[in-house]
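Throughout, a chain's letter reflects where its sequence line sits, starting with A, and its residues are numbered from 1.
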Amino acid sequence: MTTLPSAYQPSQVEERRYAQWLEAGYFTADAHSDKPPHTIVIPLPNVTGSLHMGHALDHTIQDAITRRRRMQGYEALWLPGMDHAGIATQNVVERQLAAEGLSRHDLGRERFVERVWRWKEESGGMITGQMRRLGNSVDRSRERFTMDEGLSLAVQTIFKRLYDDGLIYRAERIINWCPRCMTALSDIEVEHQDDEGELVSIRYGDGDRSIVVATTRAETMLGDTAVAVHPDDDRYRHLIGTEVEVPLTGRRVPIVADDHVDPEFGTGAVKVTPAHDPNDFEIGQRHGLPSLTIMDERGVITASGPFEGLDRFEARPAIVAALREQGRIVAERRPYVHAVGHCSRCDTVVEPRLSLQWFVRTGPLAKAAGDAVRDGRVRIEPPEMTKRYFDWVDNMHDWCISRQLWWGHRIPVWYGPDGQMVCVGPGEEPPTGEGWRQDEDVLDTWFSSALWPFSTLGWPEDTPDLRKFYPTSVLVTGYDILFFWVARMMMFGLYAMKDRAPEDAVPFRVVALHGMVRDEHGKKMSKSFGNVIDPMDWIERYGADATRFTMARGANPGSDVPVSEEWCAGSRNFCNKLWNAVRFALLHGAHTNGPLPEPSQCTAVDRWILSRLQQVITEVDAQFEAFEFAKVCDLLYHFAWDDVCDWYLELSKPVLTGDDPAAAEPVRRVLGHVLDQLLRLLHPIIPFVTDELWTALTGGESVMIADWPTADPRWQDPAAEAEVATLQKVVTEVRRFRADQGLRSGQRVAAQLHGLAEAGISDHEPLIRSLARLDQPGEGFTATGTLAVTDQVTVALDTRGAIDVAAERARLTKDRAAAEKEAAGCRAKLSNEGFLAKAPEEVVAKVRQRLATAEAELARIDAALAALPES
RNA sequence: GGGCGCGUAGCUCAGUGGGAGAGCACCCGCCUUACAAGCGGGAGGUCGCUGGUUCGAAACCAGCCGCGCUCACCA
């Protein structure tokens with residue numbers, strides 16, 4: 001028999017266990033097995049990233065799901081990998097270059113990309129090693145990277161198909177431009193923040209032909225090609241069709257009527273800058289206005305004149321000053337707080353910019369993505385999130401997918417010398433010859449991420465993996481990337497797999513969304529708050545299991561998860577509690593050999609814990625299915641700690657440590673079984689300590705490959721549960737009395753127990769005596785205190801002295817008040833005709849029962865009070 | 001501005017139509033040989049406010065107050 005140290009030491013266990021699991025190949029899924037598949041693809045972390053608390057939560061959930069499915073007999077695949085993270089990675093390497101005084105342009109495209117690859121090999125993917133420390137049972141033999149050969153082929157394949165289907169197009173549009181990253185961004189890569197600006201009203205033109213417009217971006221007036229008003233606005237009706245001069249430019253522009261203008265806002269007249277504002281662009285389209293680009297890709301004014309060469313934020317006040325000088329500033333509102341778009345990568349203010357870019361026509365794809373949820377092929381958990389999903393897919397703009405970066409999948413389109421454009425599919429040779437060149441841009445990182453559920457399984461080849469493991473079973477991720485990733489996987493998955501039956505084309509059956517990890521006060525973790533916790537730090541100090549348990553324990557579906565070091569310490573304590581429970585059990589011969597004894601050979605205590613176990617198995621299973629990990633943890637925590645440790649082990653101690661092997665044997669077997677099952681149930685959440693303990697307890701190979709428990713209704717035993725409940729009440733009441741009377745726990749007290757037979761618990765008298773520390777009455781026994789515990793059981797104690805009557809009276813008085821309140825509440829209900837008429841019968845019966853109990857309680861307390869000597 | 005969500009014990013949160021709960025923190029007593037990372041006992045809440053529905057509301061509805069998240073082309 002293994003001897004275990006007296007405290008659980010994660011560092012002695014984790015690395016060794018993980019190596020064994022790997023060695024045994026438990027994580028490697030078999031595409032050719034007969035088992036039903038269960039697939040999770042990991043939300044691909046950035047290659048630049050290291051493991052943070054968000055991953056710890058996300059991975060704990062996925063590992064728990066995967067481990068349980070594996071135990072349930074599924075061919076469970078958890079597929080890991082990483083994202084090349086276009087902008088983020090390029091930024092990292094560019095910063096390195098900058099430290100050497102270089103820019104990527106000094107290296108040129110080819111050498112720069114080589115350099116990024118080298119960075120990736122040397123310093124990227126730190127997270128992979130950290131996932132091992134968390135205990136993740138990912139199948140590393142299937143690990144993928146979005147820039148690897150297979151995935152690049154998948155990208156090219158789907159691009160070509162979408163292009164040929166007219167779902168990818170190139171067009172000049174207003175896009176979000178980051179002047180620092182020098183690339184286009186999609187709508188969701190822009191974060192709106194409330195910034196302080198200034199709303200200035202500027203007079204265009206002179207005299208009665210003048211018109212006042214309002215703007216927060218005065219510098220864009222250099223590119224104005226019209227002023228727009230609402231067609232029904234009487235103030236300006238007479239001006240429609242006339243021309244007005246744009247100050248500082250000498251340019252005369254038309255005044256046009258457009259429904260888009262809100263007459264209520266500002267002056268009701270809008271300056272129109274088609275090249276630098278999305279709305280204005282559309283107005284320009286409708287009215288055939290020219291687009292004047294007045295700013296370059298760095299945000300520097302290019303319009304010739306006094307402002308040329310100024311940065312946009314220098315030009316703005318300069319232009320306002322010039323206008324003021326001319327007396328054209330009619331009004332200024334400052335500060336004027338309004339939402340301004342910022343680059344989600346570098347926080348630079350985004351500049352709307354007219355630019356030639358590639359787009360995905362999202363209409364039909366988004367429709368399909370919405371329908372898959374609408375018709376139930378994909379379920380979103382928790383359901384409240386579904387509306388957000390619909391809001392987005394039903395109102396999606398076309399997706400700008402080209403990025404002016406070097407790190408990423410290059411757009412597979414070649415341009416010819418005479419304006420030809422050829423999209424090159426996989427296996428096709430790009431056109432050669434004078435003047436042909438490939439598009440310079442790369443694809444949005446999220447483009448390849450959108451293929452993740454099938455590109456990782458070998459698509460576009462028809463591989464065994466793809467056949468076995470697609471669609472994936474559940475996608476686990478934070479609600480923050482519902483739009484970035486989930487909706488796009490839906491669009492591309494349904495599109496790429498459209499040859500399959502509709503229910504099997506979806507990328508996943510269920511989307512299980514969790515929240516964000518926050519600090520103990522619910523605040524976002526951020527470097528500026530200084531409240532960031534490194535999960536590796538917790539793993540070092542409290543162990544991976546404690547870290548995981550803390551995550552799972554806070555994981556209510558869709559809601560944020562506050563964590564703190566104290567809670568992690570609590571989780572560590574729980575692991576240690578389990579450790580010591582098993583240690584104790586092994587010390588006293590608990591085992592899992594042979595079948596369980598028949599119920600008739602078991603004591604009521606054994607039948608009680610087995611009955612409880614069945615309930616816990618059933619409930620834990622249901623909560624797992626509902627992604628209610630916090631409830632799974634809560635159930636198991638209390639079953640393990642309260643039922644098993646505090647009661648069952650204590651109740652079993654006398655027989656286990658006694659000298660009657662025949663009596664001890666069934667208990668050893670039952671205890672072994674209960675712990676065996678408990679460890680299995682806990683294994684998905686806390687894999688290391690459970691495997692260490694389970695193998696020590698059972699001698700089995702690993703709990704990882706043990707069967708998942710199923711409830712056995714034969715062991716349900718309400719009678720045993722009632723019996724133990726009474727026993728517990730007697731023990732608890734005696735303990736209360738002892739505490740109130742200041743009797744030390746080591747102090748033996750003689751007592752007579754009356755009414756145990758009537759209460760059906762006379763078998764348990766020795767147990768009650770042992771747990772309540774009551775001796776047999778001896779010579780000269782004098783009952784100085786009498787406790788009425790239930791309406792049947794009373795305990796007469798010889799406290800070897802007068803009891804503290806005041807304390808006893810105080811306790812009884814308090815109990816009496818509670819009972820009185822309870823009784824009064826019940827009586828009120830039972831005298832209510834409406835209640836009697838309308839409430840369900842079982843509710844009424846329950847209230848009657850409660851009243852009877854309360855009244856018996858009252859009678860008992862009154863008797864006890866009357867029996868108290870005068871103080 | 002639109003949408004969503006939250007307000008329950010000191011803190012963080014469960015509970016969503018019939019007896020107010022958990023963890024941590026707190027108070028009292030214990031080194032009772034599995035565990036002091038522990039054991040036993042205890043205190044603490046007009047469930048944000050107001051009204052409504054109901055025999056019955058922490059839960060359902062309306063309004064209000066406070067907070068958070070999210071989307072957004074009012075220049």
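- The closest donor-acceptor contact from the side chain of N576(A) to the backbone of R572(A) lies at 3.5 Å or more, if one exists at all.
- If you take OH of Y8(A) and P of A36(B), they are 17 Å apart, rounded to a whole angstrom.
- Not a single donor-acceptor contact under 3.5 angstrom links the side-chain atoms of Q9(A) to the base of A37(B).
- Counting non-hydrogen atoms under 4.0 angstrom, R850(A) reaches a base of the nucleic acid.
- For N580(A), the side-chain atoms get nearest to C35(B) when compared with the rest of C35(B), G38(B), C55(B).
- An OP1 or OP2 oxygen of C35(B) is reached within less than 4.0 angstrom by no side-chain nitrogen or oxygen of K653(A).
- Across all strands shown, N576(A) has heavy atoms under 4.0 Å from base atoms, whether or not it also approaches the sugar-phosphate.
- For the pair R811(A) CZ and C28(B) C1', the interatomic distance rounds to 15 Å; values are reported in whole Å.
- The backbone N or O of K271(A) lies less than 3.5 Å from no partner atom in the side chain of D224(A), so there is not a single donor-acceptor pair.
- U8(B) and C49(B) have their C1' atoms separated by 15 Å, given to the nearest Å.
- Nucleic acid contact for R553(A): sugar-phosphate only, since backbone atoms but no base atoms lie under 4.0 Å from a heavy atom of the residue.
- S186(A) places no side-chain N or O within 3.5 Å of a backbone atom of C400(A) that could act as its donor or acceptor partner.
- Side-chain atoms of Y542(A) and P10(A), non-hydrogen and from C-beta on, never get closer than 4.5 Å to each other.
- At a threshold of 4.0 angstrom between heavy atoms, the contacts of F281(A) with the nucleic acid are absent.
- Contact annotation: N832(A) does not reach the phosphate of G56(B) (side-chain N/O to OP1 or OP2, under 4.0 Å).
- Base-pair partner of U33(B): not found among the strands shown (Watson-Crick or G-U wobble, both distances under 3.5 Å).
- R328(A) CZ: more than 12 foreign heavy atoms inside a 6.0 Å radius.
- Listed candidates were C39(B), G19(B), G15(B). Nearest to the side chain of E822(A) is G19(B).
- Using a 4.0 Å heavy-atom distance criterion, K829(A) is classed as a base contact.
- As rounded to whole Å, 17 Å separates atom P of U32(B) from atom CG of D775(A).
- Across all strands, A581(A) comes closer than 4.0 Å to base atoms (heavy-atom distances).
- Between I175(A) and F359(A), some side-chain heavy-atom pair lies under the 4.5 Å cut-off.
- Base pairing annotation: U53(B) forms no Watson-Crick or G-U wobble pair, as no partner gives both donor-acceptor distances under 3.5 Å.
- In this structure, of A34(B), C24(B), C69(B), it is C24(B) that holds the atom nearest to the side chain of E566(A).
- Within 6.0 Å of CG in D659(A) there are 12 or fewer heavy atoms belonging to other residues, nucleotides or ligands.
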Nucleotide N/O of nucleotides 41-43 of chain B paired with protein N/O under 3.5 Å:
from, atom 1, to, atom 2, distance (Å)
G42(B), OP1, R736(A), NE, 3.0
A43(B), OP1, K814(A), NZ, 2.2

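- In this structure, F584(A) places its CZ atom 14 Å from C1' of C39(B), rounding to the nearest Å.
- For G17(B), there is no paired base (Watson-Crick or G-U wobble, both distances below 3.5 Å).
- Between I609(A) and F639(A) there is a side-chain heavy-atom pair separated by less than 4.5 Å.
- Counting non-hydrogen atoms under 4.0 angstrom, P352(A) reaches nothing in the nucleic acid.
- For the pair G834(A) and D642(A), nearest-nucleotide mapping onto RNA chain B gives the more 5' position to D642(A).
- Comparing atom distances between the R572(A) side chain and each of A37(B), A34(B), G38(B) picks out A37(B) as nearest.
- If you check G45(B) for Watson-Crick or wobble pairing at under 3.5 angstrom, you find it has no partner at all.
- Per the geometry, CG belonging to L635(A) stands 14 Å off C1' belonging to G23(B), to the nearest Å.
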Please tabulate, one pair per line, each protein N/O and nucleotide N/O from nucleotides 71-75 of chain B that are separated by under 3.5 Å, including the distance.
from, atom 1, to, atom 2, distance (Å)
C73(B), O2', N279(A), ND2, 2.2
C73(B), N1, N279(A), OD1, 3.0
C73(B), O2, N279(A), OD1, 2.2
C73(B), O2, N279(A), ND2, 3.2
C74(B), O2, D262(A), OD2, 2.9
A75(B), OP2, Y336(A), OH, 3.2
A75(B), O2', A214(A), O, 3.3
A75(B), N6, D262(A), O, 2.8
A75(B), N6, F265(A), O, 3.2
A75(B), N1, D262(A), N, 3.3

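- Heavy atoms of K821(A) sit nowhere under 4.0 angstrom from any nucleic acid atom.
- Regarding E565(A), its CD atom lies at a distance of 13 Å from the P atom of A25(B), rounded to whole Å.
- Applying the Watson-Crick and G-U wobble criteria (two distances, each under 3.5 Å), G40(B) pairs with C28(B).
- Cation-pi geometry between R518(A) and W567(A) is not satisfied (NZ or CZ under 6.0 Å from the ring centre, within 45° of the ring normal).
- Searching all strands for a Watson-Crick or G-U wobble partner of G23(B) with both distances below 3.5 Å returns C11(B).
- For G7(B) and G45(B), the C1' atoms lie 14 Å apart once the distance is rounded to whole Å.
- Residues V227(A) and Y204(A) meet the side-chain proximity criterion, which asks for heavy atoms closer than 4.5 Å.
- Atom C1' of G42(B) sits at a distance of 23 Å from the matching atom of C47(B), rounded to the whole Å.
- The side-chain heavy atoms of Y648(A) and V667(A), taken from C-beta on, include a pair separated by under 4.5 Å.
- Using modelled atom types, one side-chain atom of H276(A) and one backbone atom of I294(A) make a donor-acceptor pair closer than 3.5 Å.
- Here the side chains of D187(A) and F483(A) are not in contact, with every heavy-atom distance at 4.5 Å or above.
- Contacts of I174(A) with the nucleic acid, taken as non-hydrogen atoms under 4.0 Å apart, are absent.
- Salt bridge annotation for D740(A)-K814(A): absent, with no cationic side-chain nitrogen under 4.0 angstrom from a carboxylate oxygen.
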Problem set entry | B/S/- contact track for nucleotides 4-13 of chain B, protein heavy atom under 4.0 Å | S------SSS

For this session: In sequence, state the C-alpha distance, the side-chain angles, and the governing distance for V253(A) and V244(A), and then conclude on side-chain contact (heavy atoms from CB on, under 4.5 Å).
Result: CA-CA 5 Å; V253(A) 301; V244(A) 69; 3.9 Å; yes

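- Following rounding to the nearest Å, D480(A) (CG) and U70(B) (P) show an atom-to-atom distance of 9 Å.
- For L578(A) and G38(B), the CG to C1' distance is 14 Å, given to the nearest whole Å.
- For C6(B), the paired base is G66(B) (Watson-Crick or G-U wobble, both distances below 3.5 Å).
- Nucleotides C28(B) and U16(B), compared at atom P, are 36 Å apart to the nearest Å.
- Distance from the side chain of H638(A) is smallest for A22(B) among the nucleotides A34(B), G19(B), A22(B).
- If you check every strand for non-hydrogen atoms under 4.0 Å, C645(A) touches a base.
- Between E628(A) and P557(A) the shortest side-chain heavy-atom distance falls below 4.5 Å.
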